[in-house]
Protein chains: 2
Amino acid sequence: MASSIHDLARHLNISIGTVSRALNGRADVNADTRQRVLEAAKKLNYSPNQSGRSLRQGATRSIAFMLQPHPGDQQYGEPFFIPFLTGLQARLADYDLDLMVVMGEPGQYQQERLRRVVETRRADAVVLANTRREDDRIDYLSKAGFPFATLGRSQSGGDTYPSLDIDFERAGDEAVDRLVARGHRRIAAIRPSHDLNFGYLFLDGYRKALKRHGIEGDPGLIADGFINEAGGYQVTADVMLSKDRPTAIIFNNDAMALGGCKALAEMGIRPGQDIAVTVIVDTPLCRYFSPALTAFRPALEPMGRRLAEMLLASLPAFAGPEGPRIIREVWPLELIARDSD
Amino acid sequence: MASSIHDLARHLNISIGTVSRALNGRADVNADTRQRVLEAAKKLNYSPNQSGRSLRQGATRSIAFMLQPHPGDQQYGEPFFIPFLTGLQARLADYDLDLMVVMGEPGQYQQERLRRVVETRRADAVVLANTRREDDRIDYLSKAGFPFATLGRSQSGGDTYPSLDIDFERAGDEAVDRLVARGHRRIAAIRPSHDLNFGYLFLDGYRKALKRHGIEGDPGLIADGFINEAGGYQVTADVMLSKDRPTAIIFNNDAMALGGCKALAEMGIRPGQDIAVTVIVDTPLCRYFSPALTAFRPALEPMGRRLAEMLLASLPAFAGPEGPRIIREVWPLELIARDSD
DNA sequence: TGTGTTCTCGTAAACGTTTACGGAAAAACG
DNA sequence: CGTTTTTCCGTAAACGTTTACGAGAACACA
């Protein structure tokens, strides 16, 4: 069935070395024989065995994407990642690279899965998502000298790896700006715990904007909870029970916002009328929720493409003439004004 | 950095053959030397190079999942697949198998990507999603003798491969049942075109139930459109313009239902009050939409696990003592009654 | 002691590539 | 025509495994 380079060589009565060189576009092969080799390859339906190639070249031509679902009872996981993955995969495919997806069990320690990928050399590089402020996966990869890139920043590992992130800080800032312009002064910020890095960034922007507007922050209006609907419900209920209620809430996660809106509904508080609600990362749920939630939307699919490019630029095998480059980018979000604020 | 089997052999002053046999649990190796090999492996942080293994064994220990986004302008892709992927990946990981994800460009011909995977032997088997009634991917894989399984049935390929599907027929039937019990007689069925197989299955169930209830179907109430929001909008508007309007609509896709509801809203028709709306495959969007949409929900994550098992059972290398088995399963959906009917 | 069996291990080939090296033939040059 | 350069190709090693084969040593048995 599958023909090898030996089959081609036998068929053409030349050596396998020549066949290989012809196929790989090496210069030291006669134009005529190259032609014959290519024709024979087509005729015998030859395509190179990736295992053989990987072994010889020490590169698998595949990139691993590590996706760790947040702990929780999510029925459907994070819609966030499909478009990102689409972009990532599309750009990798341009370079004939495969994408391997490694998902941990929700909440399970992912380090072990990562080690396996690295140590058995199943991938040439890794893309990490869900970066935490202190991320032992980053520490591990750095120490092991294994190439990687991250979706999201972290404090681990220094500036030694490419990373692409959403500008949560600016989004938090803008969200406050918009709410203040609409007359709000008591603005709550609700974000996930779990040491997820974006929660800190969001809060930075939130605080900066408050200060700029001369509003002194009320610590009671900042809260964090489990990054799912139940967590949002819980923490929102808590915040709304404080004696001096907020008139606006910024949620740093869509699932938490949904849970929060449920809590609000039970208290008879209507987003968009009695309270303003803004969500920092938009998902389709925000759009179809009633009232439709004003949210900040990232360009996920282009981000996937971009991170692939950044990763490749950092790999010696793919970097251009200037050699490998480490790039870090932070992308803005687009405000999608809807009905909840 | 990475130690090979040769390093172990040198370190222990024995041959690589013995090392390999010791690591692989072969019987013909002294218990004592095996112990020493295992200790050395741990000490030198050895783990087998997958490329070397693949080359020798002719198996890559990775499974490819082919996901082809439907054409359309979906911002976020299909939430359907994340939980399925989670289950699939989890079970494969139990067998130390990797998951490779191959996504076509939306609407792009996927055959080429598939051929590449097969011909370069990057995976040992393939899992297909979005099966069509006549599916050339299935024809190709069958002819090539390459192992695969499908999420969704097809008319192609006969009974030669494992497949797992949702019982769209029964869901269509039950949906009609429920609506008839609530007094509806004019029930529309809106489904995707594109030759997607589940659209046919759904319609079979729909028709069967109508006949059972002695309702003669109105062909004008059956319509298909593009499988996205715009398609649902369009075809729903058409159906509602017929002189004898339906009192209920069953949508065979969540995005189409959302678009349909938009059309209804513009006509001042309220789901749950003026018309009954049922969705055949539930997604989170159905739950958060307002009114929350009554929908049939599959157990996606368990289905992912199950399909992995079925695929493995069909592979000689993994099948139990009885040898490889071809299994086909159709899973029921659970009705989630909400507010739209 | 001789013969047969079992246990354990080393040797070497094989999987399908790529590539460093060297050599023969052809071309270029004087 | 002799020498040098260029062009082209074959040889063989290497990547890291697994495994068929065989052989030496130990053991059992008569």
Side-chain angles (χ1 to χ4, degrees), chain A residues 1-38 40-41 44-62 96 116-124 317, chain B residues 1-38 40-41 44-62 96 116-124 317:
Chain A
M1 185 72 230
S3 59
S4 80
I5 217 170
H6 291 91
D7 299 324
L8 289 191
R10 206 175 313 122
H11 182 254
L12 293 169
N13 207 24
I14 59 181
S15 79
I16 59 165
T18 303
V19 173
S20 177
R21 281 189 299 262
L23 292 171
N24 290 6
R26 277 269 173 350
D28 57 345
V29 47
N30 186 291
D32 193 57
T33 53
R34 160 164 301 134
Q35 187 60 26
R36 285 171 43 229
V37 168
L38 292 179
L44 298 193
N45 195 25
Y46 169 80
S47 40
N49 179 302
Q50 185 55 37
S51 299
R53 239 188 194 171
S54 298
L55 179 57
R56 168 65 213 226
Q57 299 189 322
T60 61
R61 293 202 82 83
S62 87
D96 199 42
R116 200 181 69 91
V117 171
V118 171
E119 290 175 0
T120 62
R121 272 131 291 168
R122 282 173 191 245
D124 297 337
Chain B
M1 184 74 231
S3 59
S4 79
I5 218 171
H6 291 91
D7 299 324
L8 288 191
R10 205 175 314 121
H11 182 255
L12 293 170
N13 207 24
I14 59 181
S15 80
I16 60 164
T18 304
V19 173
S20 176
R21 281 188 299 263
L23 291 171
N24 290 5
R26 277 273 174 343
D28 57 347
V29 47
N30 186 290
D32 193 57
T33 52
R34 161 165 300 136
Q35 186 61 26
R36 285 173 39 231
V37 168
L38 292 179
L44 298 193
N45 196 25
Y46 168 81
S47 40
N49 179 302
Q50 184 56 36
S51 300
R53 241 190 193 170
S54 298
L55 179 58
R56 169 63 214 223
Q57 299 189 321
T60 61
R61 294 203 80 83
S62 88
D96 198 43
R116 201 182 67 92
V117 170
V118 170
E119 290 175 1
T120 63
R121 272 131 290 167
R122 283 173 190 241
D124 297 337

(request) Would you mind reading off the distance between Gln50(A) atom CD and dT18(C) atom C1', rounded to a whole angstrom? (result) 13 Å
(request) Check whether any side-chain N or O of Ser4(A) sits under 4.0 Å from OP1 or OP2 of dG16(C), and answer yes or no. (result) no
(request) Starting at atom CZ of Arg26(B), determine the distance to atom C1' of dG10(C), rounded to an integer number of angstrom. (result) 16 Å
(request) State, with a plain yes or no, whether a side-chain heavy atom of Asp7(A) is found less than 4.5 Å away from one of Tyr46(A). (result) no
(request) Locate the shortest heavy-atom distance separating Gly25(B) from Arg34(B); write the atom from each residue and the value. (result) C-NH2, 3.5 Å
(message) Go nucleotide by nucleotide along DNA chain C from the 5' end; which of Gly17(B) and Gln57(B) gets its closest nucleotide reached first?
(response) Gly17(B)
(message) Base, sugar-phosphate or nothing for Thr120(A)? Non-hydrogen atoms, less than 4.0 Å.
(response) nothing
(message) Just the rounded figure in Å: distance from P of dC9(D) to CG of Leu23(A).
(response) 13 Å
(message) Within this structure, what is the CZ-OG distance for the pair Arg121(A) and Ser47(B), rounded to the nearest 0.5 Å?
(response) 5.5 Å
(message) Looking at Asp96(A) and Arg53(A), is any side-chain nitrogen of the basic one under 4.0 Å from a carboxylate oxygen of the acidic one?
(response) no
(request) Respond yes when some side-chain nitrogen or oxygen of Thr33(B) is under 4.0 Å from OP1 or OP2 of dC9(C), and no when none is. (result) yes
(request) Please tell me if the side chains of Arg122(A) and Thr60(A) come closer than 4.5 Å, counting only heavy atoms from C-beta onward. (result) no
(message) So if I take every side-chain heavy atom of Ser20(B) and compare against dT19(D), dC15(D), dC8(D), which nucleotide ends up nearest?
(response) dT19(D)
(request) Identify whether any heavy atom of Ile14(B) sits under 4.0 Å from a base atom; if not, whether one sits that close to sugar-phosphate; answer base, sugar-phosphate or nothing. (result) sugar-phosphate
(request) Send over the distance from Asn13(B) CG to dG10(C) P, rounded to a whole Å. (result) 8 Å
(request) Calculate the interatomic distance between Leu8(A) atom CG and dG10(D) atom P; express it in whole Å. (result) 13 Å
(request) Please state whether the phosphate of dC15(D), meaning OP1 or OP2, lies under 4.0 angstrom from any side-chain nitrogen or oxygen of Ser51(B). (result) no
(request) May I ask you to verify if any side-chain N or O of Thr18(A) is less than 4.0 angstrom from the OP1 or OP2 atom of dG10(D)? (result) yes
(request) Would you kindly give the CG-to-P distance between Asn49(A) and dC15(D), to the nearest whole Å? (result) 18 Å
(message) Quick check against the 3.5 Å criterion: does Thr18(A) have a side-chain atom that pairs as donor or acceptor with the backbone of Ile14(A)?
(response) no
(request) Select one nucleotide: of dC9(D), dT18(D), dC9(C), the one nearest the side-chain heavy atoms of Val29(B). (result) dC9(C)
(request) Taking only the side-chain heavy atoms of Asn30(A) (C-beta and beyond), determine which of dT19(C), dC8(D), dG16(C) contains the nearest atom. (result) dC8(D)
(message) Measure CD1/Ile16(B) against P/dC9(C) and give the value in whole Å, please.
(response) 15 Å
(request) Taking all heavy atoms of Ser15(A) and all of Ala9(A), pick out the closest pair and write down the distance. (result) C-CB, 3.9 Å
(message) With a 4.5 Å cut-off on side-chain heavy atoms, are Leu8(B) and Leu23(B) touching?
(response) yes
Below 3.5 Å is the cut-off: list the nitrogen or oxygen pairs between protein and nucleotides 21-24 of chain C, distance only.
none

(message) What I want to check is whether an N or O donor and acceptor connect the side chain of Arg56(B) with the base of dT18(D) at under 3.5 Å.
(response) yes
(message) What is the distance, to the nearest angstrom, from the CD atom on Glu119(B) to the C1' atom on dG16(C)?
(response) 16 Å
